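Below you'll find the structure, written out as structure tokens, and then a few comments.
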Amino acid sequence: MGIVINLDVMMAKRKMSLNALSEQVGITLSNLSILKQGKAKAIRLSTLEVICKALECQPGDIIVYEPDEDNLV
């Protein structure tokens with residue numbers, strides 16, 4: 001599975017909509033949607049910082065690593 005983005009989970013825990021998060025952090029809805037869907041290829045640390053600040057969480061609450069079952073030794 002690799003890197004998993006749990007932005008939707010943190011937004012639900014904080015009861016924050018995508019629109020509200022977008023307005024608060026100054027990131028477009030389309031870019032947040034791409035991140036939320038796990039389709040982003042990269043994220044800037046400054047972007048991660050403002051999202052964590054808005055959601056009052058740690059980067060590890062949003063981004064986690066889940067190893068592929070096929071690659072387990």
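These figures come from a predicted structure and were not determined experimentally.
Residues passing the side-chain hydrogen bond (donor to acceptor under 3.5 Å, both in side chains) test with Asn31, sequence neighbours excluded: Thr28. Residues that satisfy the side chain to side chain contact (heavy atoms under 4.5 Å, CB included) test with Ser22, not counting sequence neighbours, are Leu29, Leu32. Partners of Ser33 under the side-chain hydrogen bond (donor to acceptor under 3.5 Å, both in side chains) rule, at least two apart in sequence or in another chain, are Gln37.
Shortest non-hydrogen contact noted between Ile62 and Met10 is CG1-CG, 4.0 Å. When all heavy atoms are compared, the tightest approach of Pro59 to Cys52 is N-SG, 3.5 Å. Closest non-hydrogen pair, Met11 versus Lys36, comes out as SD-CD, 4.5 Å.
Ile34 CD1 to Lys39 NZ: the interatomic distance, rounded to the nearest 0.5 Å, is 8.5 Å. For the atom pair CG (Asn6) and NZ (Lys13), the distance works out to 8.5 Å, reported to the nearest 0.5 Å. The distance from the CD atom of Glu23 to the CG atom of Leu18 is 10.5 Å, given to the nearest 0.5 Å. With rounding to the nearest 0.5 Å, the separation of CG in Leu7 from CE in Met16 is 10.5 Å. A distance of 7.0 Å separates CD1 of Ile27 from CG of Leu21, quoted to the nearest 0.5 Å. Distance check: Ile63 CD1 to Gln58 CD gives 12.0 Å after rounding to the nearest 0.5 Å.
Connection of Ile5 to Val9 is not established within any shared hydrophobic cluster, with ILVMFWY side chains joined at heavy-atom distances below 4.5 Å, either directly or through further cluster members. Clustering ILVMFWY residues whenever any of their side-chain heavy atoms sit less than 4.5 angstrom apart, transitively, puts Leu35 in the very cluster that holds Val50.
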